[in-house]
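Data block below; observations after.
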Amino acid sequence: MTTYITTPIYYVNALPHLGHAYSTIVADSYGRYKKLCGDQVRFQTGTDEHGEKIAQAAEGKNLSPKEYVDGISAAFRGTWPTLAIEPDNFIRTTDPGHIKTVQDVLQKVYDKGDIYFSEYSGLYCKGCERFLTEKELVDGKCPDHLTAPDEIAEQNYFFRMSNYQDWLINHIKENPEFITPQRYRNEVLSFLSEPLEDLCISRPVSRLTWGIPLPFDEKFVTYVWFDALINYLTGLGYPEGQDFENFWPVAEHVIAKDILKPHAIFWPTMLKSMGVEPYKRLHVHGYWNVDETKMSKSIGNVVRPAELVDAYGVDTVRYFVLREMSFGLDSSFGTEAITARHNSDLANDLGNVFSRCLTMIHKYNGGGVPAVDEAVLTDEDRELIDAIGVMHETYCRSMDEFAFHRALAAVWEIVGRLNKFVVTNAPWELAKDPANTPRLHTVLYILAETLRILALVIKPIMPGASARMEECLTLSDELRSLTLDKGVVWGLTSVGTALSKPAQLFPRLEKKKKKKQVQQPANAEGSGKKKKQEKKSEPVEGVIDFADFLKVELRVAKITAAEKVKKADKLIKLTLLAPEERTVVAGIAKFYTPEELVGKQVIIVANLQPRKLMGETSHGMVLAAKETTPDGEERLVLSTVSDAIAPGSKVS
RNA sequence: GGCGAUGUAGCUCAGCAGGUUAGAGCAUACGGCUCAUAUCCGUAGUGUCCGGGGUUCAAGUCCCUGCAUCGCCA
């Protein structure tokens with residue numbers, strides 16, 4: 001059996017965040033799982049590097065597009081190993097091989113007659129650099145730039161997507177698993193119930209040069225989606241080769257819901273047109289919110305995977321995202337949530353049970369795995385063993401369905417049972433009387449064997465923790481390399497195996513509960529009932545508490561560009577790095593010229609709700625001090641830091 | 001405006017195709033153990049299953065309607 005699993009190729013206009021990490025962890029874990037099932041697996045991720053936004057971003061940084069994308073692509077590539085993500089192939093749409101294949105595909109589709117040249121006229125907004133639909137306009141103007149769009153006619157190439165609409169509808173209906181979870185399948189079908197328009201697949205070179213030239217007309221480059229989707233094929237050496245034959249028929253794509261349409265509609269019709277079978281499954285997941293709100297650059301609450309790994313460790317991060325999110329639905333990320341998962345599931349349950357079991361084998365049998373005495377086997381023992389069989393089934397079914405949270409819940413059911421088993425069998429009691437030795441040995445064996453199986457099933461999700469468990473259990477290479485089917489079989493641990501001392505798999509994290517700090521003198525009030533309801537300190541007028549202060553996120557930002565806002569004599573539009581790029585409009589035009597601002601470091605409120613000022617949306621606020629001089633003149637001075645520091649540094 | 005999803009214990013959610021006292025984890029309270037990472041085990045709960053109608057012997061589970069939130073489309 002073979003498995004081909006892909007993530008989207010990530011658009012290099014931003015650095016990796018939790019959402020990217022999630023898609024990639026999912027694909028990696030699924031790939032590892034399939035490998036553990038004995039499949040030959042190919043796992044691909046990469047970066048998407050063409051298009052208008054990239055060209056703009058590069059220009060904004062005074063870099064050539066290629067220099068710019070090289071940097072961000074490397075950041076993605078470098079992030080994955082820190083999350084124990086091991087793709088077999090990392091593809092870039094600027095790879096020469098990819099470019100050639102895209103051109104071959106275009107030519108093929110063109111020759112088939114599915115691409116035509118046509119004039120398109122529409123309302124083009126220079127600010128957005130794209131055509132707007134009538135419906136998007138507000139009072140006839142672009143809602144973002146408040147300017148009237150130009151009616152322009154442009155000639156472009158179009159892909160006859162509409163030719164394949166009926167075929168696609170049928171295909172989706174006949175293959176219930178083609179798009180999962182179902183809610184997204186419904187969404188696509190509902191979208192397809194309306195006539196499909198053809199897809200514009202070119203951009204004139206006059207407007208954009210950063211793209212793949214059309215093979216049949218050099219005055220145009222390829223629209224990014226047409227270019228990007230093909231990565232899934234080029235990564236396999238399409239149009240020929242063993243990889244393509246082995247893996248394409250089993251292709252499974254993991255995506256987030258924002259790119260559903262290109263993957264569920266553009267891509268299958270493109271494949272159909274070029275004469276390639278559609279992919280097997282498309283797995284669509286939801287968004288990670290951060291503490292109830294959307295994660296976005298402008299709010300400044302973007303979660304960086306590297307920071308998470310530093311704070312919690314790779315295994316915890318992988319476990320958390322897979323356990324916490326029901327695949328397909330949105331979830332919310334919060335430090336309390338991940339700390340709670342780490343402490344309760346990983347440290348208290350799995351980590352602790354691992355530690356206590358190994359310790360007992362050391363204390364009561366010198367660290368060697370003792371033999372089972374069939375004569376003293378109880379119903380309860382058999383129940384535990386049976387439960388492991390049930391877990392195995394649920395686990396596999398859930399992993400196959402991308403229901404990772406359910407797979408993990410099933411594993412933790414066994415962790416819970418093992419803890420109960422320890423308590424009801426109390427080896428420390430058995431050890432007191434030599435007459436109980438056969439039973440003690442049997443119990444200890446069950447502990448060791450259950451741990452071995454737990455180490456095996458968590459391997460795809462937490463490869464590190466799994467390896468540490470196997471290490472302590474001193475499993476042979478043979479036992480470590482078993483497939484699931486062969487490995488989740490009772491009784492494989494050999495009697496006499498000498499175990500190592502237990503490692504602390506997941507050290508507990510201290511909760512940052514500042515709320516519980518009580519300042520009341522110990523016996524100020526009479527004993528009796530505990531006063532559970534700690535009085536909240538009375539609010540004092542004009543005084544905020546520390547928690548309120550923490551809500552304000554201050555950051556150092558570097559000004560990279562500044563220009564006056566038209567028709568506003570007080571406003572200057574600033575482009576800042578903090579560390580990501582953002583726009584902030586500041587009412588400082590009377591005091592500073594745009595020229596003198598560029599290069600300055602300022603302090604901004606980074607998590608202020610975005611607000612529109614004279615047509616520009618401001619994502620934050622620049623801090624400044626203001627005074628009125630004795631002669632009645634106003635003076636304003638920007639707040640800054642006393643020495644150079646990395647853009648985006650927090651101020652507190 | 002059209003289509004769709006969701007609304008269940010303080011929190012996060014399970015409840016598959018209608019059937020006895022509605023479940024799990026976390027959090028809370030009390031009790032127990034000592035092998036263990038101040039961990040674990042047991043007990044205790046509380047729920048107008050969003051509101052209102054209806055179908056049925058029987059509805060959290062089906063139908064209609066209203067409200068709220070979200071998504072897609074226009």
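Hydrogens, waters and symmetry mates are skipped; everything else that's a heavy atom, side chains included, is used. Per chain, numbering begins at 1; letters A, B, ... match sequence-line order.
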Original post:
Paired with B:G45: which nucleotide, if any, by Watson-Crick or G-U wobble criteria at under 3.5 Å for both distances?
Top reply: none
Subject >> A:Glu380 CD: over 12 foreign heavy atoms closer than 6.0 Å >> reply: yes
Original post:
Given atom CG of A:Asn348 and atom C1' of B:A27, what is their separation to the nearest angstrom?
Top reply: 13 Å
Original post:
Across the strands shown, which category fits A:Asn352 at heavy-atom distances under 4.0 angstrom: base, sugar-phosphate, nothing?
Top reply: base
Original post:
Between A:Tyr223 and A:Phe159, does the ring centroid distance fall short of 6.0 Å?
Top reply: no
**OP:** Please give the nucleotide sitting opposite B:C62 as a Watson-Crick or G-U wobble pair, both distances under 3.5 Å, or none.
**Re:** B:G54
Subject >> From CD1 (A:Ile388) to NE2 (A:His392), nearest 0.5 Å >> reply: 11.5 Å
Subject >> Matching residue for A:Tyr319 among A:Tyr312, A:Trp412, A:Phe404 - test: ring-ring contact (aromatic ring centres under 6.0 Å, His included) >> reply: A:Trp412
Original post:
Rounded to whole angstrom units, what separation is found between the CD atom of A:Gln182 and the P atom of B:G71?
Top reply: 21 Å
**OP:** Give a yes or no on whether the ring-centroid distance for A:Phe402 and A:Tyr30 is below 6.0 angstrom.
**Re:** yes
Subject >> Nucleotide paired to B:C33 in any strand shown, Watson-Crick or G-U, under 3.5 Å >> reply: none
**OP:** From the options B:C35, B:G71, B:U39, select the nucleotide whose nearest atom is closest to the side chain of A:Glu187.
**Re:** B:G71
Original post:
Using the benzene-type ring in the case of Trp, are the ring centres of A:Trp288 and A:His20 under 6.0 Å apart?
Top reply: no
Original post:
Can you name the closest pair of heavy atoms from A:Glu449 and A:Gly491 and give their distance?
Top reply: OE2-N, 2.6 Å
**OP:** Select base, sugar-phosphate, or nothing to describe what A:Tyr184 touches, counting heavy atoms under 4.0 Å on all strands.
**Re:** nothing
**OP:** Would you indicate what A:Asp330 reaches in the nucleic acid, counting non-hydrogen atoms under 4.0 angstrom: base, sugar-phosphate, or nothing?
**Re:** nothing
Original post:
Of A:Gly416 and A:Ser331, whose closest RNA chain B nucleotide lies nearer the 5' terminus?
Top reply: A:Ser331
Original post:
With sequence neighbours excluded, what pairs up with A:His171 under the ring-ring contact (aromatic ring centres under 6.0 Å, His included) test?
Top reply: A:Trp167, A:Phe178
Subject >> Heavy-atom pair with the smallest gap, counting every atom of A:Val224 and A:Gly51 >> reply: CG1-CA, 3.3 Å
Subject >> Heavy-atom pair of closest approach, residues A:Asp315 and A:Pro463 >> reply: OD1-N, 3.7 Å
Original post:
Expressed in angstrom and rounded to an integer, what is the separation of A:Arg323 atom CZ from B:C13 atom P?
Top reply: 11 Å
Subject >> Mate of B:A17 where both pairing distances stay under 3.5 Å, Watson-Crick or G-U >> reply: none
Subject >> Near-ring test A:Tyr184/A:His263, centroid separation under 6.0 angstrom >> reply: no
Original post:
Does B:A22 pair with anything, Watson-Crick or G-U wobble, both distances under 3.5 Å, and if so, with which nucleotide?
Top reply: none
Original post:
Does any nucleotide pair with B:A38 by Watson-Crick or G-U wobble geometry, both distances under 3.5 Å, and what is it?
Top reply: none
Subject >> Rounded distance in Å - CG (A:Leu440) to P (B:C35) >> reply: 13 Å
**OP:** Check each residue of residues 353-360 of chain A for a non-hydrogen atom within less than 4.0 Å of any atom in RNA chain B, then write out the ones that pass by number, or none.
**Re:** A:Ser355, A:Arg356, A:Thr359, A:Met360
Subject >> Nearest-angstrom distance from the residue atom CG of A:Asn419 to C1' of B:U37 >> reply: 12 Å
Subject >> Of the listed nucleotides B:U37, B:U34, B:A36, the one nearest the side chain of A:Glu429 >> reply: B:U34
Original post:
What string of B, S and - do you get for nucleotides 5-11 of chain B, 5' to 3', when a contact is any protein heavy atom under 4.0 Å?
Top reply: S------
Original post:
Atom CZ of A:Phe327 to atom P of B:C13: distance rounded to whole Å?
Top reply: 17 Å
Subject >> salt bridge (Lys or Arg N to Asp or Glu O under 4.0 Å) contacts touching residues 167-185 of chain A (sequence neighbours left out) >> reply: A:Glu177-A:Arg281
Subject >> Nucleotide of B:G71, B:U37, B:C35 approaching A:Trp428 most closely (side-chain heavy atoms) >> reply: B:C35
Original post:
Within a reach of under 6.0 Å around CG of A:Asp379, are more than 12 heavy atoms found that belong to other residues, nucleotides or ligands?
Top reply: no
Original post:
Should we count CD of A:Glu197 as having more than 12 external heavy atoms under 6.0 Å?
Top reply: no
Subject >> 5' priority, RNA chain B, between A:Glu324 and A:Val423 [closest heavy atom] >> reply: A:Glu324
Original post:
Taking RNA chain B as the partner, which of residues 444-452 of chain A come within under 4.0 angstrom of it by heavy atom?
Top reply: none
Original post:
To the nearest Å, how far apart are A:Asp345 CG and B:A27 C1'?
Top reply: 14 Å
Original post:
In terms of side-chain heavy atoms of A:Lys420, which of B:C26, B:G71, B:C41 is nearest?
Top reply: B:C41
Is there any protein nitrogen or oxygen under 3.5 Å from a nitrogen or oxygen in nucleotides 15-18 of chain B, and what are the pairs?
none

**OP:** Name the closest nucleotide to the A:Lys363 side chain, picking from B:G71, B:C40, B:C35.
**Re:** B:C35
**OP:** Examine A:Phe327 together with A:His405 and report whether their ring centres are nearer than 6.0 Å.
**Re:** no
Original post:
Does B:C72 have a Watson-Crick or wobble mate here (both distances under 3.5 Å), and if so which one?
Top reply: B:G2
Original post:
How about A:Lys53: does its NZ atom have over 12 heavy atoms from other parts shown lying under 6.0 Å from it?
Top reply: no
Subject >> Gap between atoms CG and P, on A:Leu350 and B:A36 respectively (whole Å) >> reply: 18 Å
